[in-house]
Protein chains: 2
Amino acid sequence: MSEMMEQWLTELLNVNDKEEAKMTEKQIKILKAAVEIFSEKGYAASSTSEIAQKAGVAEGTIFRHYKTKKDLLISIVAPTVSKLIAPFVLKDFNKVLEAPYPKYEDFLRAVIKNRMEFARNNLQILKILIQEIPFQPDLRENFKQSIGKQVLERITKVVERYQKEGTIISIPPLSVIRLSVSTIIGFFLARFILFPELDWDEELETELTIDFIMHGLSPRYE
Amino acid sequence: MSEMMEQWLTELLNVNDKEEAKMTEKQIKILKAAVEIFSEKGYAASSTSEIAQKAGVAEGTIFRHYKTKKDLLISIVAPTVSKLIAPFVLKDFNKVLEAPYPKYEDFLRAVIKNRMEFARNNLQILKILIQEIPFQPDLRENFKQSIGKQVLERITKVVERYQKEGTIISIPPLSVIRLSVSTIIGFFLARFILFPELDWDEELETELTIDFIMHGLSPRYE
DNA sequence: ATTTAAAATGAGTGATTACTCACTTTACAG
DNA sequence: CTGTAAAGTGAGTAATCACTCATTTTAAAT
């Protein structure tokens, strides 16, 4: 079950990797430079002239490909948002979860491992995303719509199913999701953003995290 | 016990409230305007002219009181950092926790309720703090030093004591802290930043959060 | 009423900003 | 080789930026 899910999850990750297809060499350099500078200094504090300089390109070239500076930002972040939630939007999402003997624990483990790898490979862009979502209504709206309708509904059903099975405690599904997501994202932030310099036993901490969530959500006995 | 701790926690909050003492009327207006604009558009995207305008003050007045724009930022955020960690730096911190029959649960409840109230009253500044910590080395250093030496060490000891008592599971204390803090901060972010428009049953969610942490950290039986 | 220092002002500073555009270079189809 | 459209250029633009400073206003002590 776990293997099946992981395989399925990882599959979709490489779907949209036909980007950079029609891109010029210099355009790619611009994107890479922009990602570095944006993540380093923040969007508002980054100047197009600095991006051009780091990309080894004339400033005008940037505006050939991207109408505005904000357009450049969106072009960087938007595809990553899609990829981020891609596994949860899969049409086969439900099928996999309705397999014979799935456990919430397996679901968690698959999600954590898979999305951790994704985070590791898209650290800078995710950092930009987190930083700019509060200030860019476009991004915010895009994100809320994607997450809200597609992902939240599906995961809510997953939670409700596990609750009926008696696998996890009967509290509002949104609370279950909140507690799970908090723990997982907290793990990611600590691992990659806040204390990346610590030598993490990633395998151990992953299991501790899953164990924490599972026991935290397991039914109570008097 | 719980009452004792809460009282003690809340006491210290009002200690440093002798600010705004030697401040001019216009200086206060500047601070308030800056807080609003910074939290709304982000530090880098805010202009001193806009702050001056919103404060009903000449732009030069800002620089009478604050050498630079960054100085204005620090003057806003730094005191809030101190207040934020104030309860954990108290000299009587240990005494309270070593009282007769303290439970980790009581400790959590006191901290959550108290710091939640603090968050509610300092939402905008905390938002600025979160946003700017990655980009302001001064703030980052100040924060890390305060938290790292003072708070982390103390809480680590608290955790270790509960572990010896058998109240919570025997895993690395840092992991205990990570999991607890993730859950609590996740609660705060969801409540105040991400979905403040939802009508929260704050009392219920607080207890769910405590319950989740306690069961997640309780010793395991085979 | 006079003195005096702090508070406040706002026009002015050079630097930097995102962005434009007339022009040159490149790449490739015929 | 030639024609042409796309890619790339960089000097130039007005606007805005954080910050200065000579001057005026305010307020409190004498």
Side-chain angles (χ1 to χ4, degrees), chain A residues 18-78 128 131-132 134-139, chain B residues 18-78 128 131-132 134-139:
Chain A
K18 45 191 172 186
E19 294 178 24
E20 301 186 359
K22 298 175 182 175
M23 281 192 186
T24 312
E25 199 174 320
K26 303 217 168 189
Q27 191 171 357
I28 298 177
K29 281 186 180 177
I30 291 172
L31 281 183
K32 288 186 177 176
V35 167
E36 259 190 55
I37 296 182
F38 282 163
S39 72
E40 192 176 296
K41 321 175 69 170
Y43 168 75
S46 303
S47 70
T48 51
S49 72
E50 191 182 354
I51 293 172
Q53 193 180 352
K54 170 158 252 174
V57 150
E59 201 173 348
T61 309
I62 294 180
F63 293 96
R64 282 280 135 186
H65 298 285
Y66 308 96
K67 292 179 193 172
T68 65
K69 186 186 162 191
K70 185 173 291 181
D71 200 51
L72 174 59
L73 172 71
I74 304 281
S75 300
I76 288 173
V77 172
I128 298 173
Q131 284 293 330
E132 292 307 320
F135 304 125
Q136 309 294 341
D138 330 341
L139 272 185
Chain B
K18 46 191 171 187
E19 295 178 25
E20 301 186 0
K22 297 176 182 176
M23 280 192 187
T24 312
E25 198 174 322
K26 304 217 167 190
Q27 192 172 355
I28 298 176
K29 281 186 180 177
I30 290 173
L31 282 182
K32 289 186 178 176
V35 167
E36 259 189 57
I37 294 183
F38 282 164
S39 72
E40 192 175 297
K41 321 176 68 168
Y43 168 76
S46 303
S47 71
T48 51
S49 71
E50 190 182 355
I51 294 173
Q53 193 179 355
K54 171 158 251 174
V57 151
E59 201 174 348
T61 308
I62 294 180
F63 294 95
R64 283 279 128 176
H65 298 286
Y66 308 96
K67 292 178 192 172
T68 64
K69 185 186 164 191
K70 185 173 291 182
D71 200 52
L72 174 59
L73 173 70
I74 304 282
S75 301
I76 289 174
V77 172
I128 298 172
Q131 284 293 331
E132 292 307 319
F135 304 125
Q136 309 294 340
D138 330 339
L139 272 184

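Everything numeric here is computed off the predicted structure, so don't read it as measured data. Chain identifiers are assigned alphabetically (A, B, ...) following the order of the sequence lines, protein sequences preceding nucleic acid strands; residue numbering begins at 1 within each chain.
Rounded to the nearest 0.5 Å, atoms CD (Gln27(A)) and CD1 (Ile62(A)) are 11.0 Å apart. In this structure, the separation between CD on Glu40(B) and CD1 on Ile128(B) is 10.5 Å, given to the nearest 0.5 Å.
Nucleotide dA6(C) holds its P atom 18 Å from the CE atom of Met23(B), rounded to whole Å. One can place CG of Asp71(A) at 13 Å from C1' of dC19(C), the figure rounded to the nearest angstrom. What separates NZ of Lys29(B) from C1' of dA7(C) is a distance of 14 Å, to the nearest Å. The nearest whole Å value for the distance from the CG atom in Leu73(A) to the P atom in dA18(C) is 13 Å.
The two residues Leu72(B) and Leu31(B) make their nearest non-hydrogen contact at CD1-CD2, 3.9 Å. In this structure, Phe135(B) and Gln131(A) approach most closely via the heavy-atom pair CE1-OE1, 3.5 Å.
No side-chain heavy atom of Glu132(A) sits under 4.5 Å from any side-chain heavy atom of Phe38(A).
Put simply, chain B comes within 4.0 Å of DNA chain D, heavy atom to any atom, from dC17(D) to dA22(D), going 5' to 3'.
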Using distance only, find each side-chain donor-acceptor pair of residues 45-52 of chain A under 3.5 Å and give its atom names and separation, not counting sequence neighbours.
{"from": "Ser46(A)", "atom 1": "OG", "to": "Ile37(A)", "atom 2": "O", "distance (Å)": "3.3"}
{"from": "Ser46(A)", "atom 1": "OG", "to": "Gly42(A)", "atom 2": "O", "distance (Å)": "2.6"}
{"from": "Ser47(A)", "atom 1": "OG", "to": "Ser49(A)", "atom 2": "OG", "distance (Å)": "3.2"}
{"from": "Ser47(A)", "atom 1": "OG", "to": "Glu50(A)", "atom 2": "N", "distance (Å)": "3.2"}
{"from": "Thr48(A)", "atom 1": "OG1", "to": "Glu59(A)", "atom 2": "OE2", "distance (Å)": "2.8"}
{"from": "Glu50(A)", "atom 1": "OE1", "to": "Lys41(A)", "atom 2": "NZ", "distance (Å)": "2.9"}

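Considering Val77(A), Ile76(A), Asp71(A) as possible partners of Leu73(A), the one that fulfils the side-chain contact (heavy atoms from CB on, under 4.5 Å) test is Val77(A).
Within residues 38-50 of chain A, no residue approaches DNA chain D, by heavy-atom distance under 4.0 Å.
From one end of the helix from dA1(C)-dT30(D) to dG30(C)-dC1(D) to the other, with five pairs defining each end axis, the axis direction shifts by 10° (rounded to 10°).
Without hydrogens or angle criteria, Lys69(B) side chain to Tyr43(B) main chain gives a donor-acceptor distance under 3.5 Å. The main-chain N or O of Lys32(B) is never found under 3.5 Å from a side-chain atom of Lys54(B) such that the two would form a donor-acceptor pair.
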Could I get a table of every N or O pair under 3.5 Å where one atom is in the protein and the other is in nucleotides 8-11 of chain C?
{"from": "dA8(C)", "atom 1": "OP2", "to": "His65(B)", "atom 2": "NE2", "distance (Å)": "2.8"}
{"from": "dA8(C)", "atom 1": "O3'", "to": "Lys26(B)", "atom 2": "NZ", "distance (Å)": "3.4"}
{"from": "dT9(C)", "atom 1": "OP1", "to": "Lys26(B)", "atom 2": "NZ", "distance (Å)": "2.7"}
{"from": "dT9(C)", "atom 1": "OP2", "to": "Ala58(B)", "atom 2": "N", "distance (Å)": "3.0"}
{"from": "dT9(C)", "atom 1": "OP2", "to": "Thr61(B)", "atom 2": "OG1", "distance (Å)": "2.5"}

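Residues meeting the salt bridge (charged side-chain N to carboxylate O under 4.0 Å, His left out) test with Lys70(B), sequence neighbours left out: none.
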